[in-house]
Amino acid sequence: MFWTPLINFEEKLGANLGEFAGWKMPMTYTSYQEEHMAVRTKSAFFDLSHMGRLRITGKLQEFENLVAKKVSDSSPGTMVGPTAFLNDKAGFVDDVMTYKVSESEFLVVTNAINREKVINWIRKNSSLEVEDLTFDLVMIALQGRGIWEVAEKPDLSPLQFKLNAKFEGHEVFLLSRSGWTGEDGLEFWAKPEVAQSILERLIARGVKGAGLVARDSLRQEMGFVLYGEDIGEDVNPVEARYWVYSLDKDFIGKGALLDILRTGVDRLRIGIKLPKNQRVIPRNSSKIKIAGKEVGYVTSSTFSPYLSRVIGMGYLSSRHFLMGGNAEVEVRGKDYSVKLSDFPLFK
Amino acid sequence: MSEIRVGKYVLKTDLLYTESDEWVKLNGMEAVVGITDYAQKKLRDIVGVDLPKRGQKVTLGEVVAVVESVKAAADIYSPLSGEVTDVNEELTSSPELINKDPYGSGWLFKLRISNPEESKKLLSPELYAEKIKGD
């Protein structure tokens with residue numbers, strides 16, 4: 001079990017800790033609903049130190065062969081955006097965020113559960129150098145509609161980043177205009193003591209702590225996938241409708257991906273919304289039915305504080321991909337009506 | 001109503017408890033049932049509840065309700081046998097009352113009990129305090 005280096009600081013702030021992907025992390029501070037709404041209306045910070053952070057150096061061409069999205073089109077100092085490492089069947093080895101530092105240096109953020117797998121996979125499939133920065137630096141996200149009222153706004157466009165940047169009077173290793181909640185904000189990587197000093201300043205200005213439960217409900221409203229729940233090695237980006245690849249270059253899994261695009265897919269990812277008064281939460285693997293026939297399954301679900309209703313996502317047989325239509329979801333042996341919806345679910 | 005504190009958890013001295021973390025307020029042949037402060041804190045944000053029906057006959061130990069948190073769905077067991085006489089319908093739209101006021105407005109259902117002898121099996125506040133101590 002790994003622990004976030006900020007654990008003592010966060011416990012003093014009232015964090016309730018829980019385990020996620022082998023890490024002890026803040027799950028909530030007060031209630032996830034308050035934290036969720038703080039992001040949608042004001043501002044909050046998340047500790048994301050569990051996410052794998054790798055520095056990769058070597059030939060661009062070799063890196064290009066690993067990631068599904070084209071890296072050579074991006075300028076240095078830009079995030080290539082969400083992309084993926086695919087296996088030779090075009091299933092997700094991991095979905096990752098990629099930062100292009102230069103033509104020969106890249107940073108990659110992996111899902112916590114895939115960090116070691118990704119390191120081994122890169123080493124097996126390339127001669128690139130991989131350095132694991134995960135345990136040297138913490139990663140903090142500041143997110144929210146009101147974030148620039150309380151935090152210094154960096155001179156960065158969305159998906160731009162700087163290394164060794166100044167933020168709130170401190171030097172951080174990386175500062176990026178990015179996030180994963182659907183709101184504006186930034187992320188920074190820094191030494192734990194630096195991150196704590198920055199957070200102390202921001203908390204004094206009203207920025208709230210938010211845990212991983214709120215992060216999960218925020219990403220579900222946006223329709224963002226979670227590795228291990230919504231995608232995995234046996235799911236490809238076409239089924240997931242996760243457009244994280246470029247077909248004008250070669251990469252591992254491209255051949256399979258082209259075959260899939262030509263043949264079509266049997267299932268597609270879709271959002272679900274329950275009626276407002278129906279407070280049941282379908283769990284992973286709950287059946288989705290149309291007119292009593294099983295046509296899919298749920299992968300994630302939660303109560304959306306913003307919409308005041310239960311939402312979720314799952315996979316539906318492509319023959320039954322009746323967007324906007326009605327279906328049922330089975331929870332504890334009972335069927336509840338759901339609306340089949342596209343993403344994002346909250347706008 | 002006086003209280004006992006066990007760490008960050010609160011118990012009420014005029015209630016009886018179950019091993020499965022329900023509380024019972026006995027008033028003659030009527031029992032009011034809810035979940036304990038300990039249980040709601042373990043579940044954290046409660047976002048839904050599935051209550052029994054009025055008139056439903058229940059037996060001790062039977063699953064009669066479900067409390068949904070974002071983390072998991074928790075089965076609620078009937079602490080006694082009897083008939084459901086009332087359910088807290090306010091919880092359908094405001095299940096967070098269980099988090100805010102587990103021993104008050106967060107009550108779940110009422111029973112007309114059929115076997116008062118069964119209440120002897122319930123835990124006293126002191127025994128329940130022992131059970132959750134150190135957790």
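In what follows, every chain begins at residue 1, and chains take the letters A, B, ... in the order their sequences are listed.
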Original post:
Applying the side chain to side chain contact (heavy atoms under 4.5 Å, CB included) test to A:T302, which of B:V70, B:V47, B:D45 qualifies?
Top reply: B:V70
Original post:
What part of A:S31 gets closer than 4.5 Å to chain B, counting heavy atoms only: side chain, backbone, both or neither?
Top reply: both
**OP:** Flag yes if more than 12 heavy atoms outside A:K208 fall under 6.0 Å of its NZ atom; otherwise flag no.
**Re:** no
Subject >> From OG (B:S69) to OH (A:Y32), nearest 0.5 Å >> reply: 9.0 Å
**OP:** Pick one of side chain, backbone, both or neither for A:V213, based on which atoms fall under 4.5 Å of a heavy atom in chain B.
**Re:** side chain
**OP:** Decide if atom CZ of B:R112 counts as having more than 12 heavy atoms of other residues, nucleotides or ligands within a radius under 6.0 Å.
**Re:** no
Original post:
When you look at NZ of A:K289, are more than 12 heavy atoms from neighbouring residues, nucleotides or ligands closer to it than 6.0 Å?
Top reply: yes
Original post:
When you check the gap from the basic side-chain N to the acidic O, do B:D50 and A:R332 get nearer than 4.0 Å?
Top reply: yes
Original post:
Contact part of B:K71 toward chain A, heavy-atom cut-off under 4.5 Å: side chain, backbone, both or neither?
Top reply: backbone
Original post:
Which atoms form the tightest heavy-atom contact between A:T28 and B:R44, and what is the distance?
Top reply: OG1-CD, 3.7 Å
Original post:
For atom CG of B:D135, is the number of surrounding heavy atoms from other residues, nucleotides or ligands below 6.0 Å larger than 12?
Top reply: yes
Original post:
Do the side chain of B:E68 and the main chain of A:I281 share a donor and acceptor less than 3.5 angstrom apart?
Top reply: yes
**OP:** Pick one of side chain, backbone, both or neither for B:I46, based on which atoms fall under 4.5 Å of a heavy atom in chain A.
**Re:** backbone
Subject >> Min side-chain heavy-atom separation A:R279-B:T92 under 4.5 Å >> reply: no
**OP:** Measure B:V66 against the heavy atoms of chain A and call it side chain, backbone, both or neither at under 4.5 Å.
**Re:** side chain
